[in-house]
There are 4 protein chains.
Amino acid sequence: MGWHESLREQRKEAILEAAAEVFAQKGYHRATIKEIAARVGIAPGTIYLYFESKRALLLSIADRLITQRVSEVLEQASSLDAQGYIAAVLQERLDFFRRNQPFLQALATEVWTDESLRRRFFTQVLAPVFASGARYLEKKVAEGVLRPCRVEIVAPAVAGSIILISLLRIFVPEYTLADVPEDELIEELTRLYLDGLSARGEGE
Amino acid sequence: MGWHESLREQRKEAILEAAAEVFAQKGYHRATIKEIAARVGIAPGTIYLYFESKRALLLSIADRLITQRVSEVLEQASSLDAQGYIAAVLQERLDFFRRNQPFLQALATEVWTDESLRRRFFTQVLAPVFASGARYLEKKVAEGVLRPCRVEIVAPAVAGSIILISLLRIFVPEYTLADVPEDELIEELTRLYLDGLSARGEGE
Amino acid sequence: MGWHESLREQRKEAILEAAAEVFAQKGYHRATIKEIAARVGIAPGTIYLYFESKRALLLSIADRLITQRVSEVLEQASSLDAQGYIAAVLQERLDFFRRNQPFLQALATEVWTDESLRRRFFTQVLAPVFASGARYLEKKVAEGVLRPCRVEIVAPAVAGSIILISLLRIFVPEYTLADVPEDELIEELTRLYLDGLSARGEGE
Amino acid sequence: MGWHESLREQRKEAILEAAAEVFAQKGYHRATIKEIAARVGIAPGTIYLYFESKRALLLSIADRLITQRVSEVLEQASSLDAQGYIAAVLQERLDFFRRNQPFLQALATEVWTDESLRRRFFTQVLAPVFASGARYLEKKVAEGVLRPCRVEIVAPAVAGSIILISLLRIFVPEYTLADVPEDELIEELTRLYLDGLSARGEGE
DNA sequence: GATGAATGAGTGTTCATTCAT
DNA sequence: CATGAATGAACACTCATTCAT
């Protein structure tokens, strides 16, 4: 059983990966089953032995992202100090974006129009990250390391920075941001979120 | 003449608005000329008296956004102090997002796959905002109001916060963020970017 | 009356001429009422004040050709001797083709598919010419100038030569034929039809 | 492989034949893919598995005609004496027209408006025949069998006769020509081209 | 299981024709 | 009379999906 299962799983995987690539390149609608099949090296009909429909491919891709237990990494980082935490999260998210670029891009085209996909994406991918971040913030505030703040605002604010910067690095290579080494990026952002921009503390 | 022109412009406008709505709801591909026409209350063929093609509709929507001279607002705000500037920009962008929601959403489905659209969107919509923000930062740093920082990182970081928060407020009404009054939002973000999160300055 | 009539006729004429040109250039189907109207300098709707439909334009063009009482010329030439007659007919037909090129070409695209048009074209344009030619041949045979022959075969044979040569001169400028002076052409054909190709009589 | 190939070829053939018929009956533009498909007994979409586009069907039909190596027949006939040659060519062309009627008629509607098709038709179908005829004439002139003549005029003259007569026989059944037995036709034309029409030689 | 040929529903676009001005 | 904006029927073409082999 495990043998058959494994073969089947492997092929499903291959199909999903090819689908993600094609979806990412052409968008969901312009992508064709034929091309996905060709990229895996199988016949178009074969895909239907593994997936119900073209749409099911997309939803499976969404699940793939969701399954990547993002929060685990976050929880592990929660034992670090503020500086370390922010650096770890940044690092992890940048990696995540790079690793899953085709999957994320594949979803991006459809997430805006499919209500269920949108909800799914939010509740499964974004919300947990916010929640984890919020929990961390609250803990640190309680410890007196960070000042009190409205975590439901600050968490998505930080997330937004990371996301946009990641997108810019991936999609707009001509913007300066693409050339900045990753550690410099992390350092600058860490400082921004910990110390803000005021000149206040500088002179001391 | 002015009369005809005006009628023509009005109808173009109506078509564009309907197109944006349908694109936003269904995504560019699932949207049909027939439905757009029906929403305006005209025949499908009539649309082609005003726009070359379905794609031209999308590009016009993009132009509509681009033409909205974002930077003017930013420039006017550049005379304010740091707190006022951040608040003004935040306010303006939140308004912009709300005002242009269907247009933005219409673009969102295609901007990921159409190279030319992507470049256009970046160079015309995002880059100017970054540049304006960067200029402001540099000025304030020179004045000694803000500490030195890498503006090419900080500008998109702030932009990302604003964008994600705007998206959440618009698309995910079930998230807490939707209920926060706008001025509280602005206050919290202003504080975040000016002072950071460290408890350092708090107790003193 | 004559005044109104004349204006109306003039405009009909202009429309017909424009239609013939566009039909000739693009073929009946690719031709558009809009372009025909533009070429006359009127609005598309106006054409319908003069002609029932697009098809009516085509039929009117056919009538135009038919009205050109071809046979009159032929009858006048029938008093000439054989050499003069053939030369006159050749000359006249070459002129006719050149003069009516757009009209003929306009019809050419449709004459193959429209049964009524085909019949009309044959009975009104070709058959009379054949008949006239046949009558002439019979007269000359009776006079002993020409040898007996099956006129219903010879007439279209000569006509076919003239038509193909005319088409080649008009449509295939790269063929040698386009450069041959008209009188040389007429001379060669006259000789061909009168004397044939045999060397028989040459040496004597 | 040969098996699949053959099936595929057969179906391509069937589609082409159906297309030629419909094009011939309705003309290229009025013909619909749907009707062509129906005539073959397949779904419209299936046609696109065999041909790129509707236009490609037309071009394939043109190729079909072109591939019919006309000149081979002509070359074989070139060993015959003048009378035999003319008879052979006439016979062959009449057959060719009858055999390919739908294909020829299919092209006829478009050959007048499509520059590339026109050129193709002339250079591939007509020109070689003229050239072959011209070569034959020159040979016979050199042998002293035929009198010197301008072959570039005589060749299309003869071709024109054959073409028009063929068209009349096919398209205008009510004309006398349709009833004339083929051998009488050939005899009359042979005599026309060899001896001409002058009574000159008759009395001797 | 795998194939890939066949399907046919669905859509952007054109353009002859109409009719309110 | 003339206009030209509006109409909407018609058609080529695509591609997810099926199913006989």
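Quick note on labels: first sequence line is chain A, next is B, and so on, each numbered from 1.
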For DNA chain F, the residues among residues 18-27 of chain A that have a non-hydrogen atom under 4.0 Å from it: none
Would you please confirm or rule out a distance under 4.0 Å between OP1 or OP2 of F:dC1 and any side-chain N or O of C:R11? no
Could you tell me whether the side chain of A:I36 reaches within less than 4.5 Å of the side chain of A:L57, counting heavy atoms only? yes
Please report the distance, rounded to the nearest Å, between CG in A:L7 and C1' in E:dA2. 14 Å
Run the salt bridge (charged side-chain N to carboxylate O under 4.0 Å, His left out) test against B:R99 and tell me which residues pass, sequence neighbours left out. none
Interface with DNA chain E, restricted to residues 38-64 of chain C and to heavy atoms under 4.0 Å: C:G45, C:Y48, C:S53, C:K54
Mind checking which stems touch DNA chain F? I mean at least 3 consecutive Watson-Crick or G-U pairs, both distances under 3.5 Å. E:2-21 with F:2-21
Pairs involving residues 10-20 of chain A, ordered by first then second residue, that meet side chain to side chain donor-acceptor pair (under 3.5 Å) (sequence neighbours left out): A:E13-A:R64
Could you name each residue pair satisfying ring-ring contact (aromatic ring centres under 6.0 Å, His included) that touches residues 29-51 of chain A, not counting sequence neighbours? A:H29-B:H29
With D:L107 as reference, evaluate D:D114, D:L59, D:L58 under the side-chain contact (heavy atoms from CB on, under 4.5 Å) test and give the passing residue. D:L58
Looking at residues at least two apart in the chain, or sitting in another chain, which of them share a salt bridge (charged side-chain N to carboxylate O under 4.0 Å, His left out) with A:K34? none
Could you please spell out the steps behind the side-chain contact (heavy atoms from CB on, under 4.5 Å) verdict for D:V111 and D:F122? CA-CA 10 Å; D:V111 94; D:F122 176 72; over 6 Å; no
Check whether any side-chain heavy atom of D:T109 sits under 4.5 Å from a side-chain heavy atom of D:F23, and report yes or no. no
Under the side-chain contact (heavy atoms from CB on, under 4.5 Å) test, which residues partner C:A108, sequence neighbours left out? D:W112
Please round to the nearest 0.5 Å and tell me the distance separating atom CZ of A:R30 and atom OH of B:Y28. 7.5 Å
According to salt bridge (charged side-chain N to carboxylate O under 4.0 Å, His left out), who are the partners of D:K54, at least two apart in sequence or on a separate chain? none
Near-strand residues of residues 28-36 of chain A, defined as heavy-atom separation under 4.0 angstrom from DNA chain F: A:A31, A:T32, A:I33
Just jot down the side-chain contact (heavy atoms from CB on, under 4.5 Å) partners of B:R39, sequence neighbours excluded, or say none. B:A18, B:E21, B:V22, B:Q25, B:E35
Results of side-chain contact (heavy atoms from CB on, under 4.5 Å) for B:L49 - residues two or more places apart only: B:T46
